[in-house]
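A note on names: the letters A, B, ... follow the listed sequences, proteins ahead of strands, and every chain is numbered from 1.
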Amino acid sequence: MTAADLGVLFNRPTLAVARGLLGSRLVRDDADGRRQARRAGRIVEVEAYLGPADRASHARFGETPRSRPMYGQAGRAYVYLVYGMHYCLNVVTGPAGVPHALLIRAVQPLEGVERLRAARFKAEQTSRRSPSPEDLERFRARLQRTPVDRLAAGPGLVGAAFSLDLELIGTDLLDRGNPVHLEPAPPDEPAFAIVTSARVGIAYAGAPWTTRPWRFAIAGNPSVSR
DNA sequence: GCAAGGATATCG
DNA sequence: GATATCCTTGCA
């Protein structure tokens, strides 16, 4: 899929976009000319939220201050805070006015691995309320032992590793000029199988939403969340 | 197994 | 304004 094709992809129905987004790159590039600062990874797991009918979607209450970004153009970012500590990235899909989105659940690091690790540490340092030096030291030691493939193997971990927060809301992720954006996989990348399953952490939504197979992952990829 | 933290939505 | 809940993580 070429760069122009991401724009084409996002004109398709949300569940098709979910499949097409797998393998694409999530990129953060804060380079200022002197300094190299690129972080990038392969998107290996996403979940689709097809609100407002979808009772698991943040759009289930209709258009509210929080859900408003989901009503915007396809390709924009919707970021939310869960459990008071983790920032989760969604890519808006569907035409304007239709609040569909894809939650980026896991990314396989490809570039800037040490920058991703440093960002994980910084997130821990700043998000917890005054963590003790001992806690931080334990965290650092564990982080050093964390395999590269597990650095962004969960939605909150993606947020931490790519330094995402609410300021990102509304960013056009299809614009490669933005520090945080999406890029297509290189054309020579091997094909992969896709596995589907039920979405995670939505028991409150009730049937039939809890069992919809709207979680998509690259089969066998070591960075998929557990 | 469970506590952590804060924004959000909904009630009074 | 008060309260229940949450698209999670890491450690006991």
Side-chain angles (χ1 to χ4, degrees), chain A residues 14-15 17-18 21 26 43-71 77-94 99-107 116-117 119-147 149-169 196-217 223-226:
Chain A
T14 298
L15 295 179
V17 183
L21 196 56
L26 176 63
I43 296 171
V44 299
E45 181 183 348
V46 303
E47 277 177 2
Y49 288 88
L50 281 59
D54 179 0
R55 298 310 287 172
S57 168
H58 287 173
R60 65 188 179 281
F61 304 120
E63 189 171 341
T64 66
R66 177 170 73 161
S67 68
R68 185 150 301 131
M70 300 177 81
Y71 288 76
Y78 165 54
V79 182
Y80 66 90
L81 182 65
V82 261
Y83 301 103
M85 54 194 97
H86 303 296
Y87 292 103
C88 298
L89 172 65
N90 295 255
V91 188
V92 173
T93 60
H100 290 188
L102 298 172
L103 170 64
I104 308 298
R105 283 193 55 89
V107 169
L116 292 165
R117 209 185 291 273
R120 283 283 313 275
F121 183 77
K122 185 158 191 179
E124 181 70 11
Q125 204 173 23
T126 55
S127 105
R128 270 208 165 116
R129 227 185 22 182
S130 54
S132 72
E134 298 78 39
D135 288 341
L136 271 179
E137 196 37 57
R138 262 196 303 275
F139 183 83
R140 185 195 295 283
R142 193 162 45 73
L143 198 55
Q144 287 308 325
R145 297 192 315 264
T146 301
D149 283 336
R150 306 304 298 172
L151 284 176
L157 301 183
V158 171
F162 284 85
S163 311
L164 309 177
D165 59 30
L166 302 182
E167 287 194 6
L168 192 68
I169 291 172
T196 67
S197 52
R199 295 172 295 176
V200 175
I202 55 152
Y204 63 90
W209 310 107
T210 45
T211 55
R212 292 274 133 95
W214 289 349
R215 179 185 182 209
F216 301 85
S223 297
V224 171
S225 71
R226 323 206 224 259

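The CH2 atom of A:Trp209 sits 12.5 Å away from the OH atom of A:Tyr49 when rounded to the nearest 0.5 Å. Between atom CD1 of residue A:Ile202 and atom CG of residue A:Asp54 there is a gap of 7.0 Å, rounded to the nearest 0.5 Å.
Residues of residues 77-92 of chain A that place a heavy atom closer than 4.0 Å to DNA chain B, in numerical order, are A:Leu81, A:Tyr83, A:Gly84, A:Met85.
For the pair A:Asp135 CG and B:dA3 C1', the computed distance is 13 Å after rounding to whole Å. The nearest whole Å value for the distance from the CZ atom in A:Arg60 to the P atom in B:dT10 is 8 Å. Protein atom CZ of A:Phe61 is 18 Å distant from nucleotide atom P of B:dA7, rounded to whole Å. If you take CG of A:Leu164 and C1' of C:dT8, they are 15 Å apart, rounded to a whole angstrom. Rounded to an integer number of Å, the gap from CZ of A:Arg105 to P of C:dT9 is 7 Å. Atom CZ in A:Arg215 sits roughly 13 Å away from atom C1' in C:dT8 (whole-Å rounding). If you measure from atom CG of A:Leu50 to atom C1' of C:dC7, you get 13 Å, rounded to the nearest angstrom. When rounded to the nearest whole Å, the span between CZ of A:Phe216 and C1' of C:dC7 equals 15 Å.
Relative ring orientation between A:His58 and A:Tyr80 is described as perpendicular, the plane-to-plane angle rising above 60° on a 0-90° scale split at 30° and 60°.
With respect to A:Glu47 and A:Arg199, no salt bridge is recorded, no charged nitrogen being found less than 4.0 Å from a carboxylate O.
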Show the distances under 3.5 angstrom between N or O atoms of the protein and N or O atoms of nucleotides 2-4 of chain C.
none

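Counting any heavy atom pair closer than 4.0 Å across all strands shown, A:Ser225 reaches no nucleic acid atom. Nucleic acid contact class of A:Leu103 (heavy atoms, under 4.0 Å, all strands): base. At a threshold of 4.0 angstrom between heavy atoms, the contacts of A:Arg199 with the nucleic acid are absent. Contacts of A:Leu166 with the nucleic acid, taken as non-hydrogen atoms under 4.0 Å apart, are absent.
A:Arg215 pairs with exactly one of A:Val200, A:Thr196, A:Leu103 by the side-chain contact (heavy atoms from CB on, under 4.5 Å) rule, that one being A:Val200.
A:Gln144 has its side chain out of reach of A:Phe121: every pair of non-hydrogen atoms, C-beta onward, lies at least 4.5 Å apart. In this structure, A:Leu26 and A:Leu89 have side chains that are in contact, with non-hydrogen atoms separated by less than 4.5 Å. Contact annotation: the side chain of A:Ile104 approaches that of A:Leu21 to within less than 4.5 Å [non-hydrogen atoms, C-beta and beyond]. A heavy-atom distance below 4.5 Å is not found between the side chains of A:Tyr204 and A:Arg55. For the pair A:Val107/A:Leu151, no side-chain contact is recorded, criterion being any heavy-atom separation below 4.5 Å from C-beta on.
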### Base-pairing string, 5' to 3', of DNA chain C - Watson-Crick or wobble, under 3.5 Å, | interstrand
||||||.||||.
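For A:Arg120 and A:Tyr204, each mapped to the nucleotide of DNA chain C holding its nearest heavy atom, the one lying further toward the 5' end belongs to A:Tyr204.
Closest heavy-atom contact between A:Gly94 and A:Thr14: N-OG1, 4.2 Å.
Counting heavy atoms of neighbouring residues, nucleotides and ligands inside a 6.0 Å radius, atom CD of A:Glu167 does not exceed 12 of them.
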